[in-house]
Asks: 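The structure follows.
None of these values were measured; they are calculated from a predicted model. In what follows, chains carry the letters A, B, and so on, assigned in the order in which the sequence lines appear, proteins first and then strands, with residues in each chain numbered from 1.
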There are 2 protein chains.
Amino acid sequence: MQKIDTKTKILNAAEQLFAERGFADTSLRLITSQAEVNLASVNYHFGSKKELIQAVLARYLDVFAPALESSLQALVDDEKRVDQIQVFNCLIEPLLALDSFKHQGTTVFLSLLGRGYVESQGHLRWYIMTHYGKVVGLFNHVVREANPHLSKEEIFWRLHFTLGSVVFTMASSKALIDIAKADFGADVDIEGLIHRVIPFIAAGVSSPAK
Amino acid sequence: MQKIDTKTKILNAAEQLFAERGFADTSLRLITSQAEVNLASVNYHFGSKKELIQAVLARYLDVFAPALESSLQALVDDEKRVDQIQVFNCLIEPLLALDSFKHQGTTVFLSLLGRGYVESQGHLRWYIMTHYGKVVGLFNHVVREANPHLSKEEIFWRLHFTLGSVVFTMASSKALIDIAKADFGADVDIEGLIHRVIPFIAAGVSSPAK
DNA sequence: CCTATCATTAAACAAACGTTTAAAATATAA
DNA sequence: TTATATTTTAAACGTTTGTTTAATGATAGG
């Protein structure tokens, strides 16, 4: 049994509560009591609640962004022509890898991403663009190559529709999975959900322009 | 110039702030100062903040739900076989009608819907099902008729993916439209956005089951 | 061992929160 | 007009919020 330091205990408790209840509805006292650390240690180690939120997100993005980048880079290096399915596969693997990085990591990461987008009034978008702008640009480039029939603008919107499908579903995944179990008796995990959403968004992104 | 009563002034201010900043990040003091009414009048007229949130949503749902219901009912009465495009058309008109019901009504309604889904920990879903369960059931029935090749479970998830695309985009529509204008010089309004998302979600919902 | 740095703790801080109160003001009805 | 009911108001309520303080504990280097 290894000893977990205070900083990590805070991050672990915070990410779970943030994903489940959102940032505004999660108090530092709730976090520190679940983490079994002192209240003041959050400000000592992270400075403020806002910086704690960024640290929680950064812990995932620092794993996810490089994995996605190398995955995308390998695609553009190896393939002469890329299609949309290949682009999505680049996303799936780094996403599912988060589940071995942390328990329920994929769900937590996508929930945090969704909540960050709708709760932070654009702060998160700015944070991601300034810290991980390179991989975002690469992703955009690859999607453009895979969909030469679509304009930049059309791709911009369809990627946001895609992001909406994924993060909205993930942000409510706990409740939705419970409903699905009650109504259909079907057990769905996060991997099943991702493989369910792929045909949906692949068809949407690659649909002909109107 | 007509005089607006306190109750309406509160609802107008609240819906705008709720849509822009979310429920938890909007205080009653912010609402009442923008509405230029006394702080205590919220509790006097609505009882509590939670009931105010429900009232804000109810004002839209009481217009939207009957319009959608009659639209769907006309479809099942007139047509022998319905397809997915027709089902979406039933949604579009009542949605856009909210823009003449109130200024920016469509955006506000969809933002509120999205925020309610992810912020209220299931309270809103319960509220909608108990108060507007009839039209929800009818909608589900029509979608099933339009997609006989899909199982109940598959439809359940794809409708949530659809909802995610729409409400997530709408919840961030203000920022997204600004970005799109800066990057592409393109002016997009809410109607243009809806007509842009239709091909996306139509292709997604009607895509073959894996 | 002593000291200096880092970490943890209990307590208090000011500010903001939703809500309640009781009196004043306004509107309604007889 | 008088009496009754409704609405508005300023003030205060008790909690909860994020943050700070100052004292204590722990750890490592000389």
Asks: Does anything in residues 13-48 of chain A come within less than 4.0 Å of DNA chain C? Heavy atoms only, and list the residues if so.
Replies: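 Of all residues in residues 13-48 of chain A, the ones placing a heavy atom under 4.0 Å from DNA chain C are A/Arg29, A/Asn38, A/Ala40, A/Tyr44, A/His45.
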Asks: B/Ile10 has an atom CD1; how far is it from atom C1' of C/dG18, in whole Å?
Replies: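 Going from CD1 in B/Ile10 over to C1' in C/dG18 covers 14 Å.
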Asks: For A/Leu52 and D/dG18, what is the distance between atoms CG and P respectively, to the nearest whole Å?
Replies: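 In whole Å, D/dG18 P lies 10 Å from A/Leu52 CG.
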Asks: If you take all heavy atoms of B/Ser165 and B/Phe200, which pair is closest and at what distance?
Replies: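 Heavy-atom minimum between the residues: OG-CE2, 3.6 Å.
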Asks: Which of parallel (below 30°), tilted (30 to 60°) and perpendicular (above 60°) describes B/Trp126 and B/His131?
Replies: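 Aromatic pair B/Trp126/B/His131 classed perpendicular.
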Asks: So B/Tyr127 and B/Tyr132, would you call those rings parallel, tilted or perpendicular, with 30° and 60° as cut-offs?
Replies: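 Perpendicular: the ring planes of B/Tyr127 and B/Tyr132 meet at over 60°.
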Asks: How close do A/Ala65 and A/Val135 get, counting heavy atoms only, and between which atoms?
Replies: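 For A/Ala65 and A/Val135, the tightest heavy-atom pair comes out as O-CG2, 3.8 Å.
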Asks: Do B/Gln104 and B/Thr107 have a side chain donor and acceptor closer than 3.5 Å?
Replies: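 No, no side-chain donor-acceptor contact under 3.5 Å.
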Asks: Let me check I have this right: for DNA chain D, each base becomes ., (, ), [, ] or |, based on Watson-Crick or G-U pairs with both distances under 3.5 Å. What is the full string?
Replies: |||||||||||||||||.|||||..|||||
Asks: Has B/Thr6 got a side-chain N or O lying under 4.0 Å from the OP1 or OP2 atom of D/dT8?
Replies: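 Checking D/dT8 against B/Thr6, a side-chain N or O does come within under 4.0 Å of OP1 or OP2.
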Asks: Should we say atom CD of B/Glu93 is surrounded by more than 12 heavy atoms from elsewhere, each under 6.0 Å from it?
Replies: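 Atom CD in B/Glu93 is not crowded, with 12 or fewer foreign heavy atoms closer than 6.0 Å.
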Asks: Judged by modelled atom types alone, do A/Arg158 and A/Ser206 share a side-chain donor-acceptor pair under 3.5 Å?
Replies: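 Judged by distance alone, the side chains do not pair up.
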Asks: Can you label the angle between the A/Phe109 ring and the A/Phe64 ring as parallel, tilted or perpendicular, going by 30° and 60°?
Replies: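 Geometry flag for A/Phe64 against A/Phe109: tilted rings.
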Asks: Figure out the NZ/C1' separation between A/Lys50 and D/dT19, and round it to whole Å.
Replies: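 Interatomic distance, NZ of A/Lys50 to C1' of D/dT19: 15 Å.
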